[in-house]
Amino acid sequence: FVEDSATVNITGSFIASVSAETTGAVGYVSGSGTLRITDTRINHVSSANVAGVYLTDNSFCELTRVRLQNATGGTIAGFALYGESHLLARDSSFSHSKISG
């Protein structure tokens, strides 16, 4: 959870088997917060709403060489952007994911 102009950097990681009750199993970014994920594999994430990253309130997410696979969301499997938020993805992929709701 990133908010209020905070910045979180995740580099060279393997994130697996994460579940969120409501939204943003990979991340929830708001209030001009920034989430940067680099050289990371993300596998088997799920949520009742948005399984990937939920962005709101002018927040920013940057993905570089990220592989997101097997995400299951109740309404959105990947990324949800609201309130002038921005998503930048470079050399990244999103596959084998589904909406369960």
Side-chain angles (χ1 to χ4, degrees):
F1 189 83
V2 184
E3 66 179 350
D4 298 333
S5 300
T7 298
V8 171
N9 297 308
I10 299 171
T11 303
S13 299
F14 179 62
I15 300 168
S17 301
V18 177
S19 180
E21 276 191 37
T22 55
T23 195
V26 175
Y28 185 102
V29 189
S30 69
S32 298
T34 299
L35 174 62
R36 288 189 180 94
I37 305 174
T38 306
D39 296 324
T40 296
R41 287 184 3 188
I42 302 167
N43 200 358
H44 294 289
V45 294
S46 64
S47 172
N49 189 6
V50 179
V53 177
Y54 183 92
L55 300 138
T56 187
D57 301 330
N58 199 33
S59 57
F60 179 73
C61 180
E62 180 178 354
L63 308 173
T64 305
R65 293 176 303 278
V66 172
R67 303 290 178 255
L68 174 59
Q69 296 179 311
N70 302 310
T72 303
T75 56
I76 297 172
F79 303 89
L81 287 78
Y82 300 96
E84 298 188 32
S85 293
H86 304 278
L87 173 66
L88 174 63
R90 296 182 184 124
D91 191 26
S92 297
S93 67
F94 177 61
S95 63
H96 299 92
S97 299
K98 64 184 178 181
I99 295 171
S100 64

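Both backbone and side-chain heavy atoms feed into the values below; hydrogens, waters and symmetry mates do not.
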Who pairs with Asp4 by salt bridge (Lys or Arg N to Asp or Glu O under 4.0 Å), at least two apart in sequence or on another chain?
none
Would you name the heavy atoms of Ser30 and Phe1 that are closest together and state the gap between them?
OG-CZ, 4.3 Å
For Phe60, enumerate each residue passing the ring-ring contact (aromatic ring centres under 6.0 Å, His included) test, keeping only those at least two apart in sequence or located in another chain.
none
Can you check whether Val29's main-chain N or O pairs, donor with acceptor, with Ser59's side chain at less than 3.5 Å?
yes
Output yes when Asp39 and Arg65 qualify as a salt bridge under the 4.0 Å nitrogen-oxygen rule, no when they do not.
yes
Which atom names give the shortest non-hydrogen contact between Thr22 and Ser47, and what distance separates them?
O-OG, 2.8 Å
Rounded to the nearest 0.5 angstrom, the CG-OG1 distance for Asn9 and Thr11 is 6.0 Å
Please check if Leu87 and Val8 belong to a single hydrophobic cluster, counting links between Ile, Leu, Val, Met, Phe, Trp and Tyr side chain heavy atoms closer than 4.5 Å.
yes
Would Arg67 and Asp91 count as a side chain to side chain contact (heavy atoms under 4.5 Å, CB included) here? Give the steps.
CA-CA 9 Å; Arg67 303 290 178 255; Asp91 191 26; 3.9 Å; yes
State whether a side-chain donor-acceptor pair under 3.5 Å links Ser32 with Ser5.
no
Distance (rounded to the nearest 0.5 Å) between Thr40 OG1 and Leu68 CG:
11.5 Å
Applying side chain to side chain contact (heavy atoms under 4.5 Å, CB included) to Arg90 and Glu62, what does each step give before you reach the verdict?
CA-CA 8 Å; Arg90 296 182 184 124; Glu62 180 178 354; 2.7 Å; yes
Please answer: with hydrophobic residues joined when any side-chain heavy atoms are less than 4.5 Å apart, are Phe79 and Ile76 in the same cluster?
no
Test His44 against every option in Val18, Asn70, Thr72, Ile15 by the side chain to side chain contact (heavy atoms under 4.5 Å, CB included) rule and name the one that passes.
Asn70
Using atom types as modelled and distance alone, determine if a side-chain donor or acceptor of Ser92 lies under 3.5 Å from a backbone N or O of Val66.
yes
Considering all heavy atoms, the nearest Gly33-Val2 contact:
CA-CG1, 4.0 Å
Would a distance-only check, ignoring hydrogens and angles, find a side-chain to backbone donor-acceptor pair under 3.5 Å from Thr75 to Asn49?
yes
Do Arg36 and Leu63 have side-chain heavy atoms sitting under 4.5 Å apart?
no
Do Val50 and Val26 have side chains that approach each other closer than 4.5 Å (heavy atoms only, starting at C-beta)?
no
Are Ile10 and Tyr28 connected, step by step, through hydrophobic side chains (Ile, Leu, Val, Met, Phe, Trp, Tyr) whose heavy atoms are closer than 4.5 Å?
no
Distance check, rounded to the nearest 0.5 Å: His86 atom NE2 versus Asn58 atom CG?
5.5 Å
Do the ring planes of Tyr54 and Tyr82 sit parallel (below 30°), tilted (30 to 60°) or perpendicular (above 60°)?
tilted
Heavy atoms of Ala71 and Ala51 approach each other most closely as CB-CB, 4.0 Å
